Structures are given as structure tokens and as C-alpha cells.
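Here the structure comes first, spelled out in C-alpha cells, and everything after it is commentary.
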Amino acid sequence: MLSQRMIDRINLQINKEIYSAYLYLAMAAKMNELGYSGVGKWLTVQYHEEMFHAMKFAEYLHDQNAEVSYAKIDNPEFKEKEIKPLFQHVLAHEESVTASIREIMELAITEKDYATQILAQWYIDEQVEEEKNATEIIQKIDLLGNSHQGLYLLDSELAKRESSVPLDFNKI
Ligand code: FEO
């Protein structure tokens, strides 16, 4: 059984994950509008990843017989229209998500909540991947230089990203 504090904290995280999805969806729309369809595709896949993260938490609450509460999602906030600053924003956002997941782990440790510790460990591993993905794209931009040709190549590569997350949750 989860403490009410943990239930509230996980519901807050669900909101953060859906905000992340919403942010990446908005970024995808802007990149598509600017002609970077590969970046748009990458971000759309990321949107699905974030919804998966949210639904995985929601399913966990259901499994623990705890209430899932969906709160208002803030407007997605970003101004970047160029690829490198956009991915720097993605990286900074992911770093903030990592910090938030760590808070859940710390609460689970404090409460001797072993089930949530195991769940939080999955997200901690996932955040290593999330930060690595954004970092590698920024590194590639630097390697290619900010030339039109380099950005075209990168856009073509990012277009190949495919979603691998299952979106068939029964309990949302
Ligand atoms: Fe759900 Fe990108 O962290």
C-alpha cells in the first residue's frame, strides 16, 4: 500500500510526464513548420515515449489500488527555432525530469517503499538514456557544424527514429 504522500507525488510526476509529451509535440509542430521533418519525427516519437512514461506510472497506481488524478497541463513553453538550441532545451528539460525522478526514489527510500523503489529505478535508467540521446544529438550538430548540409544530414538521420513503446495500456 502506498502512502498518500507517495500517491500525490506520483500523480504530480504523471502531470510532468504528460507536460513533457505536450512540450515535445509542440516542438515537433514547430520543426515541421520550419521544414525540419526529421526533427519533427524524432520529437513525435519522443512524445509517445513520454506518454508511455505517464501511463506506466498510472498503471502502477491502479495496481496499488490508488487513485490516479489527472491535473491541468501547462502550456508548452519554448521559443527555440533552431535545432541546436532546441536540443539544448530538450537536454535541460530531461535533466529537470531526472531530478524529479530522483525525488521519487528518495521518498521511496525514506518510506521504505520497496515496490516504488523498483519502479523508480526503471525511470532512473530511462533518464540516463533520455539525457544521452539529447547529448548525442547536440554533439552531432557540433561535429557537422551548423552548415545547411550538416543540418540536412542530421534531419535525415533523425527521421529514421521509430517508436518502440507499447501504448496498449488498459488502465489509464
Ligand atoms: Fe519521461 Fe523524457 O522523461
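Atoms within a ligand are numbered from 1 in the order they appear, just like the ligands themselves. Fair warning: this is a prediction, and the values are worked out from it, not measured in the lab.
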>> For A71, give me all partners under side-chain contact (heavy atoms from CB on, under 4.5 Å), at least two apart in sequence or on another chain.
In response: N15

> In chain order, what residues pass the side-chain contact (heavy atoms from CB on, under 4.5 Å) check against S96, with sequence neighbours excluded?
Replying inline: H93

> Residues two or more places apart in sequence or in another chain: which of them pass salt bridge (Lys or Arg N to Asp or Glu O under 4.0 Å) with K84?
Replying inline: D142

>> With a 6.0 Å cut-off on the ring centroids, do Y47 and Y22 count as close?
In response: no

> What protein atoms of element N, O or S are positioned under 2.8 Å from atom 1 (Fe) of ligand 1?
Replying inline: E17 OE1, E50 OE1, H53 ND1

>> Which heavy atom of N11 sits nearest to which heavy atom of S69, and what is that distance?
In response: OD1-N, 2.9 Å

> Hey, what do you get for NZ (K132) to CD1 (I137), rounding to the nearest 0.5 Å?
Replying inline: 11.0 Å

